[in-house]
Amino acid sequence: MAMTLSKLKKMHYNREKIACLTAYDASMAHWLDVAGVDVILVGDSLGMVVQGNLTTLPVTLEEMVYHTRIVQQGNSKAWCVADLPFMSDTTLEQTLQSAARLMKEGGANMVKLEGGARVIHAVNALSDLGVPVCGHLGLLPQSVEKHGYKVKGRDEDSSKQLLNEAKQLEQAGAEMLVLECVPSQLAKQITESLSIPVIGIGSGKETSGQVLVLHDLLGITVGKPPKFAKNYMLFSESIQQAIENYVAEVKAQKFPDNSHLID
Ligand code: KIV
């Protein structure tokens, strides 16, 4: 049975953990789907792990449409979220057109866009048009040139701001939220304040689910992997088993453990 938005919301409500992973092509999407991954994210992280760039900024909408389309060739059940890449959401009209391409040509089930106050208007409009939207708060990879790769929400002001932005995104119609590199206590508070699933990365174990970049899980990231990631190939005999072990550990709340905290 294919994953749906209402099933994902029910999982959040029932505190059943959601396992999410990135994929960028049909073969890997197939094996993620077979392993029981609930949500596949076609992340613009492909700019780094597939294309070899230092950041996600060079990724184009055309490339996101292409990778989403080939992921969906290999996926049959998992809910597929596709990233709106850097500068593809600068105006409302551009955002709607970019989202339309990811859904119509790429076959995405949902689009993800980074930011808080900046994107509220667009989230409202997309939601009104029937487009499922995933927000993305905390560390925003598309803003690294300005803000760097830093944990967000450590002080009182920024943690209040993150909580408010999360609530505003839900009110505007967002149906899911990715929280990246946020202290675990704040991630817990945000998750408990929302009725939509919150998928954490580097944000502790108290979110509705977890996401990792596939290359980090497979131990094939070039350079140093992030502290919050885990190389599942170290104790698995195959890629398939590594993905299954990740899904099992997320569901059993064994991943992440304290060694992956970046608080
Ligand atoms: O692009 C991506 O892979 C992401 C994850 C890091 C959440 O946005």
Side-chain angles (χ1 to χ4, degrees), residues 8 18-25 28-29 32 37-61 63-68 71 78-89 98 102 106 108-116 119 133-144 147-152 162 166 169 174 176-182 187 190-191 196-204 207-218 220-230 243 246 250 255-256 260 262:
L8 289 166
I18 297 167
C20 174
L21 270 179
T22 65
Y24 315 102
D25 64 46
M28 291 313 300
L32 264 57
V37 168
D38 301 301
V39 177
I40 294 178
L41 170 63
V42 189
D44 58 0
S45 51
L46 70 87
M48 299 161 86
V49 298
V50 176
Q51 298 175 336
N53 300 305
L54 288 177
T55 69
T56 62
L57 306 197
V59 178
T60 64
L61 179 64
E63 289 162 350
M64 287 307 303
V65 170
Y66 168 75
H67 283 279
T68 306
V71 159
W79 181 256
C80 176
V81 184
D83 267 341
L84 283 167
F86 181 57
M87 290 291 177
S88 69
D89 60 352
S98 303
L102 288 174
N109 300 115
M110 175 178 244
V111 299
K112 174 162 84 60
L113 67 180
E114 294 185 11
V119 302
V133 181
C134 179
H136 185 147
L137 291 174
L139 191 160
L140 303 179
Q142 291 175 12
S143 306
V144 287
H147 299 297
Y149 288 105
K150 286 199 192 107
V151 176
K152 291 289 151 66
L162 276 176
L169 282 168
M176 188 154 38
L177 176 67
V178 165
L179 269 189
E180 181 162 357
C181 295
V182 167
I190 292 175
T191 306
I196 57 172
V198 177
I199 310 297
I201 175 162
S203 302
T207 48
S208 329
Q210 298 292 326
V211 59
L212 275 185
V213 169
L214 180 64
H215 290 55
D216 291 338
L217 175 146
L218 297 177
I220 54 170
T221 300
V222 178
K224 204 170 161 225
K227 181 172 185 278
F228 56 75
K230 177 167 175 180
I243 301 165
Y246 166 74
V250 170
F255 176 79
H260 305 109
I262 53 165

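Counting starts at 1 for both ligands and their atoms, in listed order.
Within the listing of ligand 1, atoms 6 (C) sit less than 4.0 angstrom from a heavy atom of I201. Close contacts between ligand 1 and D44 involve ligand atoms 1 (O) [criterion: under 4.0 Å to a heavy atom]. Taking every non-hydrogen atom of G43 and a distance limit under 4.0 Å, the qualifying atoms of ligand 1 come out as 1 (O), 2 (C), 3 (O).
When non-hydrogen atoms are compared, ligand 1 lies under 4.0 Å from the side chain of D83 (C-beta onward) but not from its backbone. With a heavy-atom cut-off of 4.0 Å, T22 touches ligand 1 through its side chain alone.
Looking from atom 3 (O) of ligand 1 to the surrounding protein, the closest heavy atom is S45 OG, 2.6 Å. Protein heavy atom at the shortest distance from atom 4 (C) of ligand 1 is L41 CD2, 3.6 Å.
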Atom pairs and distances, side-chain donor-acceptor, residues 133-141, under 3.5 Å, sequence neighbours left out:
from, atom 1, to, atom 2, distance (Å)
H136, ND1, K112, NZ, 2.7
H136, NE2, L139, O, 3.3
H136, NE2, E180, OE1, 2.9

Just distance, no hydrogens or angles: give the donor-acceptor pairs under 3.5 Å from side chains in residues 223-230, sequence neighbours left out.
from, atom 1, to, atom 2, distance (Å)
K227, NZ, L261, O, 2.8
K230, NZ, E249, OE1, 2.8
K230, NZ, E249, OE2, 3.4

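In terms of modelled atom types and a separation under 3.5 Å, the side chain of T221 and the main chain of H215 share a donor-acceptor contact. Judged by distance alone, with hydrogens and angles left aside, the side-chain atoms of S88 form no donor-acceptor pair with the main-chain N or O of L61 at under 3.5 Å. In terms of modelled atom types and a separation under 3.5 Å, the side chain of T22 and the main chain of G43 share no donor-acceptor contact.
Among H215, Q142, K112, E180, the residue whose heavy atom sits closest to atom 8 (O) of ligand 1 is K112.
A distance of 5.0 Å separates CG in L32 from CD1 in I40, rounded to the nearest 0.5 Å.
Distances from ligand 1 to the non-hydrogen atoms of H136 include at least one value under 4.0 Å.
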Working for side-chain contact (heavy atoms from CB on, under 4.5 Å), residues L8 and I18: CA-CA 8 Å; L8 289 166; I18 297 167; 4.0 Å; yes
